[in-house]
Asks: 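Sharing a structure here in structure tokens format.
Every chain is numbered from 1, with letters handed out A, B, ... down the list of sequences.
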Protein chains: 2
Amino acid sequence: MQKQKGVSLWRQISDRIRANIAAGLYDASGMLPAETMLAQEFGVNRHTVRAALAALAQEGIVRASQGRGTMIERRDKFDFPIGKRTRFTEGIGDQARDLKGVLLSAQLEPGSSEVRHRLGLEPGDIVVKLDGMRLADGRAVSRSTMWFPCDRFTGIDVAFSETGSITKALARFGIDDYLREYTEISAVHAEPEDVASLELTPGAIVLVTHALNTDTAGRPIQYAITRFPADRVQFTIRS
Amino acid sequence: MQKQKGVSLWRQISDRIRANIAAGLYDASGMLPAETMLAQEFGVNRHTVRAALAALAQEGIVRASQGRGTMIERRDKFDFPIGKRTRFTEGIGDQARDLKGVLLSAQLEPGSSEVRHRLGLEPGDIVVKLDGMRLADGRAVSRSTMWFPCDRFTGIDVAFSETGSITKALARFGIDDYLREYTEISAVHAEPEDVASLELTPGAIVLVTHALNTDTAGRPIQYAITRFPADRVQFTIRS
DNA sequence: TGTAATTTGTTCGTATGTATT
DNA sequence: CAATACATACGAACAAATTAC
């Protein structure tokens with residue numbers, strides 16, 4: 001059963017269980033299957049499963065109770081839903097106790113051709129650029145750079161800073177509803193800036209999204225590049 | 001403008017242009033903006049842009065012609081669209097000349113609890129497991145493990161092997177249409193198996209998707225775990 | 001309330017692989 | 001190369017806590 005060389009069995013199994021928890025596989029009951037069941041399913045001895053669960057318990061991900069079973073204590077990964085009506089805060093609201101958006105910097109600038117193209121602007125148009133990050137339970141889960149057309153959203157930096165939410169900030173500008181036009185997802189190695197801002201180690205993986213939001217009329221209102229620590233985040237696209 | 005340490009300016013710009021090409025930013029014309037325009041937009045000297053373009057030309061991604069401009073020769077990354085009607089082959093059909101699906105192995109097995117749960121099966125039910133990979137222009141772009149309920153899809157291994165397409169294989173079992181229920185996306189470091197099968201280097205990044213397809217009645221027909229080389233692949237979710 | 005079934009916790013033993021000395 | 005120590009993995013049995021009927 002030793003698929004990987006140099007990686008102990010219990011480690012492989014704890015990784016798979018951790019991934020299953022992150023994927024919401026045991027959400028219905030909030031409990032893991034019994035050790036004997038897991039052992040049978042992974043095709044290993046119960047002791048090996050116990051070693052895997054002990055490691056997860058050490059991480060604080062699960063908690064075992066004699067006679068009762070093994071409960072899920074917390075998710076290791078945050079699951080970001082992506083869809084037409086993706087809302088950052090709502091999406092992971094039930095996965096963290098403390099969720100917080102922070103504005104790092106704001107400035108007006110002439111958009112690059114990339115940003116202008118995405119927002120459907122003409123050369124010479126000005127955009128508002130915001131830098132922000134999100135913290136869930138005190139840990140950084142994303143770092144975003146966002147651009148808004150300046151003509152419609154002057155002052156959105158203040159609104160975002162005060163509310164800590166893009167949705168609420170947009171509401172102040174009369175945007176009750178907005179749609180996610182597209183989301184591109186790629187993955188790269190962490191850059192020095194990521195290591196600093198997302199509290200990563202060199203060599204870590206960063207998930208990068210490029211996303212465009214439009215109003216209900218289809219006019220672009222926000223283009224954002226967001227960087228997520230891959231070891232703490234995954235995405236789910238539901239149809 | 002030197003934002004990052006240790007990465008030359010021309011390198012940063014060539015990376016951004018490569019990413020823009022992958023994102024389809026210049027698809028309308030198939031050409032890059034003039035060097036002077038690019039220099040202005042990135043805020044650097046034209047010589048720096050020329051160094052960046054020379055590097056991309058060396059990679060075979062762009063080709064410059066005197067007096068004409070710089071044309072896009074090929075995409076560096078394949079863009080996999082993800083949506084309700086995601087079709088592997090159709091999605092990237094226009095991005096590669098030669099697209100090929102290969103069946104590596106097939107077997108019947110009692111599904112693990114994870115697979116059974118996803119496919120909505122009972123303990124003891126049997127599933128068909130297929131291992132396959134996709135090649136685009138001779139390069140590996142994905143490696144999949146797929147599971148089908150055995151009762152409905154016995155023999156799908158032969159159908160997939162003969163057609164090289166899941167869509168066509170399913171058609172032989174009376175499935176004219178199917179829907180992508182959800183897609184989970186995460187990223188991990190390449191395992192030894194990835195290094196071998198996807199022709200990667202150790203330390204490279206692998207994008208991992210867990211996806212479920214259902215028939216039009218909503219019954220699960222296929223659960224798949226697919227691994228993509230992150231340096232050659234990105235995803236786009238359109239609403 | 002009592003009893004059986006379930007589930008984690010613990011302790012033996014045996015064998016194998018890995019790293020160090 | 002050999003000896004040693006340590007981690008890993010499997011098997012069997014039993015104890016202790018909890019749940020279900």
Asks: Going by side chain to side chain donor-acceptor pair (under 3.5 Å), name the residues that satisfy it together with A/Ser14, two or more places apart in sequence or in a different chain.
Replies: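 Listed in chain order: nothing, the list is empty.
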Asks: Would you please name every residue forming a salt bridge (charged side-chain N to carboxylate O under 4.0 Å, His left out) with A/Arg50, sequence neighbours left out?
Replies: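 Salt bridge (charged side-chain N to carboxylate O under 4.0 Å, His left out) check on A/Arg50 returns A/Glu35.
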Asks: Each nucleotide N or O in nucleotides 6-8 of chain C that has a protein N or O under 3.5 Å away: list the pair and distance.
Replies:
{"residue": "C/dT7", "atom": "O2", "partner": "A/Gly67", "partner atom": "N", "Å": "3.4"}
{"residue": "C/dT8", "atom": "OP2", "partner": "A/Glu35", "partner atom": "N", "Å": "2.8"}
{"residue": "C/dT8", "atom": "O4'", "partner": "A/Gly67", "partner atom": "N", "Å": "3.4"}

Asks: Encode nucleotides 14-19 of chain C as B, S and - characters from 5' to 3', where the letter depends on protein heavy atoms closer than 4.0 Å: B to the base, S only to sugar-phosphate, - to neither.
Replies: ------
Asks: Look at the side-chain N and O atoms of A/Asn45 and state whether any lies under 4.0 Å from the OP1 or OP2 oxygen of D/dG11.
Replies: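 Yes, such a contact exists.
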Asks: Taking the axis from the first five pairs and the axis from the last five, what angle separates them in the helix from C/dG2-D/dC21 to C/dT21-D/dA2, rounded to 10 degrees?
Replies: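 If I round to tens, the end axes sit 20° apart.
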Asks: Apply side chain to side chain donor-acceptor pair (under 3.5 Å) to B/His210 and list each qualifying residue two or more places apart in sequence or on a separate chain.
Replies: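 With neighbours one apart ignored, the set is B/Tyr223.
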Asks: Under 3.5 Å, side-chain donor or acceptor atoms of residues 149-156 of chain B against the rest of the protein: list the pairs with distances, not counting sequence neighbours.
Replies:
{"residue": "B/Arg152", "atom": "NH1", "partner": "B/Asp215", "partner atom": "OD2", "Å": "3.3"}
{"residue": "B/Arg152", "atom": "NH2", "partner": "B/Asp215", "partner atom": "OD2", "Å": "3.3"}
{"residue": "B/Thr154", "atom": "OG1", "partner": "B/Cys150", "partner atom": "O", "Å": "2.7"}

Asks: For B/Glu162, check salt bridge (charged side-chain N to carboxylate O under 4.0 Å, His left out) against everything at least two apart and list the hits.
Replies: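 Scan of B/Glu162 (salt bridge (charged side-chain N to carboxylate O under 4.0 Å, His left out), adjacent residues dropped) gives B/Arg172.
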Asks: Holding to salt bridge (charged side-chain N to carboxylate O under 4.0 Å, His left out), I want the full list of residues that pass it with A/Arg18, two or more places apart in sequence or in another chain.
Replies: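 With sequence neighbours excluded, A/Arg18 shows a salt bridge (charged side-chain N to carboxylate O under 4.0 Å, His left out) to A/Asp15, A/Glu59, A/Asp76, given in chain and number order.
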Asks: Looking at residues at least two apart in the chain, or sitting in another chain, which of them share a side chain to side chain donor-acceptor pair (under 3.5 Å) with A/Thr226?
Replies: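 Per chain and number, A/Thr226 pairs via side chain to side chain donor-acceptor pair (under 3.5 Å) with A/Ser144.
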Asks: Checking A/Ala211 now: which residues fulfil side chain to side chain contact (heavy atoms under 4.5 Å, CB included) with it, not counting sequence neighbours?
Replies: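 A/Ala211: side chain to side chain contact (heavy atoms under 4.5 Å, CB included) contacts with A/Arg180, A/Thr183.
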Asks: Would you please name every residue forming a salt bridge (charged side-chain N to carboxylate O under 4.0 Å, His left out) with B/Glu184, sequence neighbours left out?
Replies: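 Scan of B/Glu184 (salt bridge (charged side-chain N to carboxylate O under 4.0 Å, His left out), adjacent residues dropped) gives B/Arg118.
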